[in-house]
Every structure is written in structure tokens, then in C-alpha cells.
Amino acid sequence: MSNCAEIERTTPHDEFEFLRHKLPGWRQDHCRTYEQELEEIKLDLGVPAVLTMRGKEVVLPNLMNFNSLTTITTSFDGFRDDNRTGLDRTLHRISKLPGANDTTGGITIRLARHVLGAADDLLPFILHKKAIPLIGLPGVGKTTLLQEVIRHLAERYGTKVVVVGTSSEVTGAGAIGHWATMPARRILVSDKKAQPELIRQAYANHSPMFIVVDEIGHHGDADAVASTVDRGVGMVATCHGETLANVVNTPTFWPVVGAIREHGLTRQRMTEASFDVAVEVRGVGRFVVHDRVSQAVDEVLAGREPRGVRVGRWPNLRTG
Ligand SMILES: Nc1ncnc2c1ncn2[C@@H]1O[C@H](COP(=O)(O)OP(=O)(O)OP(=O)(O)O)[C@@H](O)[C@H]1O
């Protein structure tokens, strides 16, 4: 699929600038200094703003006052019930901290950027696979990786890729999706409780070859994912957790890891796992891949840690 000639492209720099111009003048200057490495801006009432980067924090001078916080917060539109919104033509995520009496106590701005090549090391392991979870703790780079996976899928399968998710980081916040994930189609989830039904609608109504779900884990998600895969539709989904073992040990995921049942003190896998390869995202560019998921699930159920293959930028890389 290469019919993207008319899609307007923004660079990570453009998207950084759209965001930076929302801040009061002197804070704009501080942010510019850290453009390449900035990951989050935390603006809380009564304390100085904090810029976070991988492995370091910078505390800005001056306390955040009510007027500045209100001016910044009201410059972003459309906060949803989960207190998140995005910024048009960018992948950034803006989240409110609810304060006393319906006020806003602070905001967290996650600066997301499309990183071309972020999935390259993983491609040999995941292309031509049917169903893949990307497992990782908050902030390890799952969403950035997911965007690249979507871009690769959309290049191959075009509009037969449907992305289901709440997060503006994955496909962009605006009425039109972010160029990097187009022409994949998107279903925006405004209420997480509706996600299982929207996954079902994605396969029932839109003839996908692949459905991509940003964050499964709420009640009903795993059942919807398992029945999608049973119908032969490909699936890539992110899950919170550090390892595959964490996922297997969380009952809400049991439908996708082999319909696990408890018998007294033991747990047993009743079917093959829905996923045929599982990826643990351990850090930016560092992955552990399990390519025989059902067997790895059995290892966890037997109380052992399954050994995966280390892929990507690990120091002293060797297979484990
Ligand atoms: N390969 C990469 N190269 C450079 N920066 C990256 C890369 N992957 C992620 N980052 C940066 O790290 C930060 C966190 O990444 P990301 O939002 O993808 O994490 P996440 O695991 O999805 O977090 P959460 O679970 O909180 O949504 C972002 O600022 C992102 O731009």
C-alpha cells in the first residue's frame, strides 16, 4: 500500500513545536533545550514544573500557580472521562490530575514521537505471526513500538488493519489519524468498558485482516481478543506487565493464554494460547521474545520462569 501521497506529514520536531507553544514563554525555552530527550512534562499546582527524561529529571524555577495551570489546561480541548486528551496532528498525550472540588491539581504531558525503525529488530519474529501481545510496564516504549508495528502492517495490508484504542498516542488525537499509522483504520474508544464490544464490531463490520488493540486488560477484553483470533483475524495487543509470567498470573488475561482454569491449588491450560508469539518490552529497544507461547504458559503454571530470546539493544547480547 503506498497511496499516502496526500496525507500531510508532520515531523517529530513539528509535533514538539505544536506542544511547546502551548506553554508559557519561559517554560517554552527550557523545553527547547531538551527537545531530543524530553519524555514528560509534569505541571502541578504549588510546586515547580518537572521535565523528565530517561534517567534524569530537570526541575524548572518558579512554582506553578493557579492561573498558569488553568491557562495551559484550558488550551487543550476534549478531556475524556479518563482525564486524557491529545493534541491535533501530534501523538502527545495530556492527562489531568483531578484535584479538590472538581479542579485540576496538575497535568502530565507525555511527549510521544513516531520513531521510524523502532520495531526493526523485532520484525523477523513478528511478521507472519497471527497474534502477538506486546507486554511492558508503563513508559518502556510499548506505544512507540506499536505505532511502528501498525505502520508495517498498514504498508502490507492497508485498510485491512483496524486499530482499536483510547490513546491519542497510537493513532493521533485529531479527527484525522496520524500519518504514520495511515491508512490503517481506527476505532476510538471513549469508555474502556465499551472496548470488548468495539473489538467485536471491528471484526464484524470492517473486514479486517489485523486488529490492533492498545491496552487489553479490562474485564471482557481478553474474551473479545480470544474470539477474534479464533475467527482467523490477526491481533496485536499491548498489555501492562513486566513479563509473560505476569500476564499468565493475572486472571483477566486467562482467556487469551489458554483458557486457564483453577482446580483447587493448581491451574491448568485448557486450550492453545491465542497468541503464537509474545514480546516482553523490557526497555527502549530491548525485547524478550517467546515464540512458543503455550509451552511458556505451561512453564509459568509449573512455577518456572520461561526463557525467552533476547532481541535488540541489550548489553552483551546473547540468547537466554
Ligand atoms: N525507540 C525509541 N526511541 C526513542 N524514544 C523512545 C523510543 N521508544 C519510546 N521512546 C520514548 O519514551 C517515552 C515512553 O514511550 P511510550 O509512550 O511508547 O511508552 P509506553 O510503554 O507506551 O508507556 P505507557 O504504558 O505509559 O503508555 C516517550 O517519550 C517516547 O517518545
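It should be emphasised that the depicted structure is a prediction, and the values quoted were computed from it without experimental measurement. Start at 1 with the first residue, then count along the sequence. Side chains included, hydrogens not; waters and symmetry mates left out as well; all remaining heavy atoms used.
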> Of the non-hydrogen atoms in P251 and P255, which two are nearest, and what is the gap between them?
O-CD, 4.0 Å

> Are I72 and V47 linked, directly or through other ILVMFWY residues, by side chains that come within less than 4.5 angstrom of each other?
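As far as the 4.5 Å side-chain criterion goes, V47 and I72 are not connected within one cluster.
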
> Do NZ/NE/NH1/NH2 and the carboxylate oxygens of R54 and E39 come within less than 4.0 Å?
yes

> Please determine if E262 and R267 form a salt bridge, counting it only when a charged side-chain N lies under 4.0 Å from a carboxylate O.
no

> How far does CD1 of I216 sit from NE2 of H218, to the nearest 0.5 angstrom?
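Output value for this atom pair is 11.5 Å.
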
> Tell me the closest heavy-atom pair linking A49 and L43, and the distance in Å.
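Scanning both residues completely, I find the closest heavy atoms to be CB-CD2, 3.4 Å.
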
> Less than 3.5 Å apart, which donor and acceptor atoms pair up between the side chains of residues 229-239 and the rest of the protein, not counting sequence neighbours?
| unit_1 | atom_1 | unit_2 | atom_2 | d |
| --- | --- | --- | --- | --- |
| R231 | NH1 | Y203 | OH | 3.3 |
| R231 | NH1 | S227 | O | 3.2 |
| T238 | OG1 | D214 | OD1 | 3.1 |
| T238 | OG1 | E215 | N | 2.6 |

> Would you say L51 and C31 make side-chain contact, with heavy atoms under 4.5 Å?
yes

> When you measure from the side chain of S294 to the backbone N and O of A273, does any donor-acceptor pair fall under 3.5 Å?
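Indeed, once roles are kept as given, a pair shorter than 3.5 Å links the two residues.
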
> Has the side chain of W254 got a donor or acceptor atom that lies under 3.5 Å from a matching backbone atom of V248?
yes

> Is there a donor-acceptor contact under 3.5 Å from the side chain of W314 to the main chain of F287?
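Yes; judged by distance alone, with no hydrogens or angles, the pair exists.
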
> Show the nearest heavy-atom pair for residues A202 and P208, with the distance to one decimal.
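Minimum heavy-atom contact is O-CD, 3.3 Å.
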
> Is the shortest heavy-atom distance from the side chain of R156 to the side chain of L127 under 4.5 Å?
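Touching, per the 4.5 Å side-chain cut-off.
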
> Can any side-chain N or O of K142 pair as donor or acceptor with the backbone N or O of G136 at less than 3.5 Å?
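Answer holds: yes.
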
> Grab the two heavy atoms, one from L91 and one from G172, that are nearest each other, plus how far apart they are.
CD2-N, 3.7 Å

> Carefully, step by step, assess T250 and V247 under the rule side-chain contact (heavy atoms from CB on, under 4.5 Å).
CA-CA 5 Å; T250 306; V247 169; 5.7 Å; no

> Going by heavy atoms in the side chains, are I41 and L19 under 4.5 Å from each other?
yes

> Can you tell me how far the CG atom of D121 sits from the CZ atom of R286, to the nearest 0.5 Å?
12.5 Å

> State whether a side-chain donor-acceptor pair under 3.5 Å links E280 with H290.
yes

> When you check the gap from the basic side-chain N to the acidic O, do R20 and E17 get nearer than 4.0 Å?
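The answer is yes: the pair qualifies as a salt bridge.
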
> So do the side chains of V58 and V50 get within less than 4.5 Å of each other, counting heavy atoms only?
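The answer is no, as the side chains (C-beta and beyond) never meet within the 4.5 Å cut-off.
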
> Using every non-hydrogen atom in the two residues, find where A222 and V256 come nearest and quote the distance to one decimal.
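Taking A222 first and V256 second, the nearest heavy atoms are O-CG1, 3.5 Å.
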
> Within the 4.5 Å heavy-atom criterion, are T243 and E305 side-chain neighbours or not?
yes

> Kindly work out whether a path of hydrophobic side-chain contacts (I/L/V/M/F/W/Y, heavy atoms less than 4.5 Å apart) joins V212 to L116.
no

> Side-chain heavy atoms under 4.5 angstrom apart, residues restricted to Ile, Leu, Val, Met, Phe, Trp, Tyr: same cluster for V115 and V140?
no

> Could you walk me through whether Q201 and H206 pass the side chain to side chain donor-acceptor pair (under 3.5 Å) check?
CA-CA 8 Å; Q201 286 183 19; H206 303 294; 5.8 Å; no

> Side-chain polar contacts of residues 296-303 - donor-acceptor pairs under 3.5 angstrom, sequence neighbours left out - could you list them?
| unit_1 | atom_1 | unit_2 | atom_2 | d |
| --- | --- | --- | --- | --- |
| D298 | OD1 | R269 | NE | 2.8 |
| D298 | OD2 | R269 | NH2 | 2.8 |
| E299 | OE1 | R304 | NE | 3.1 |
| E299 | OE2 | R304 | NH2 | 3.3 |

> Measure from NZ or CZ of K160 to the centre of the six-membered ring of F210, then state whether that distance is under 6.0 Å and the direction lies within 45° of the axis.
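Because its charged atom misses either the 6.0 Å distance or the 45° angle limit, K160 does not stack over F210.
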
> Are the side chain of E40 and the backbone of R110 linked by a donor-acceptor contact shorter than 3.5 Å?
no

> Would you say T11's side chain and D14's backbone share a donor-acceptor pair under 3.5 angstrom?
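Confirmed, T11 side chain pairs with D14 backbone.
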
> Any chance you could measure L87, atom CG, to S75, atom OG, to the nearest 0.5 Å?
8.0 Å

> Report yes or no: do T52 and E57 form a side-chain donor-acceptor pair below 3.5 Å?
no

> In the single-linkage hydrophobic clustering (I, L, V, M, F, W, Y; side-chain heavy atoms under 4.5 Å), do V284 and L111 co-cluster?
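No, it is not one cluster - the side chains of V284 and L111 are not joined through contacts under 4.5 Å.
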
> Should L38 and R113 be marked as a side-chain contact (heavy atoms from CB on, under 4.5 Å) after you check the CA-CA gap, both sets of side-chain angles, and the distance that decides it?
CA-CA 10 Å; L38 193 55; R113 352 174 139 68; 4.2 Å; yes

> At what distance, to the nearest 0.5 angstrom, does CD1 of I109 lie from OG1 of T85?
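Here the interatomic distance stands at 11.5 Å.
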
> Determine whether the side chains of H92 and E15 contain a donor N or O and an acceptor N or O closer than 3.5 Å.
no

> Once you round to the nearest 0.5 Å, how far does CZ of F79 lie from NZ of K96?
5.0 Å

> Once you round to the nearest 0.5 Å, how far does OG1 of T10 lie from NE2 of H114?
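The NE2 atom of H114 is 10.0 Å from OG1 of T10, to the nearest 0.5 Å.
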
> Taking everything shown except H263 itself, do over 12 heavy atoms lie less than 6.0 Å from its NE2?
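Counting other residues, nucleotides and ligands, NE2 of H263 exceeds 12 neighbours.
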
> Give a yes or no on this: more than 12 heavy atoms of other residues, nucleotides or ligands lie within 6.0 Å of atom CG of D81.
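No, not enclosed.
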
> Within a strict 4.5 Å, meaning less than it, do heavy atoms of the T252 and D221 side chains meet?
no

> Are any of the side-chain heavy atoms of V277 and V289 separated by less than 4.5 Å?
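Contact flag for V277/V289 side chains = yes.
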
> Should I135 and V281 count as side-chain neighbours, where that means a heavy-atom distance under 4.5 Å?
no

> Carefully, step by step, assess D276 and V293 under the rule side-chain contact (heavy atoms from CB on, under 4.5 Å).
CA-CA 6 Å; D276 46 1; V293 178; 5.7 Å; no

> Mind listing the closest non-hydrogen atom pair of A224 and P196 along with its distance?
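That closest heavy-atom pairing would be CB-O, 3.7 Å.
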
> Could you give me the CA-CA distance, side-chain angles and deciding distance for R282 and E242, then say whether salt bridge (Lys or Arg N to Asp or Glu O under 4.0 Å) is met?
CA-CA 7 Å; R282 296 290 193 88; E242 191 175 7; 5.3 Å; no

> Starting from the C-alpha separation in whole Å, work towards a yes-or-no answer on side-chain contact (heavy atoms from CB on, under 4.5 Å) for L145 and E148.
CA-CA 5 Å; L145 177 66; E148 263 296 84; 5.5 Å; no

> Scan the side chains in residues 62-71 for donor-acceptor partners under 3.5 Å anywhere in the protein, sequence neighbours excluded, and list what turns up.
| unit_1 | atom_1 | unit_2 | atom_2 | d |
| --- | --- | --- | --- | --- |
| N65 | OD1 | N67 | N | 3.2 |
| N65 | OD1 | S68 | N | 2.8 |
| N65 | OD1 | S68 | OG | 3.1 |
| T70 | OG1 | F66 | O | 2.7 |
| T71 | OG1 | N67 | O | 2.7 |

> Are L23 and L97 grouped together when hydrophobic residues (ILVMFWY) are joined by side-chain heavy atoms under 4.5 angstrom apart?
no

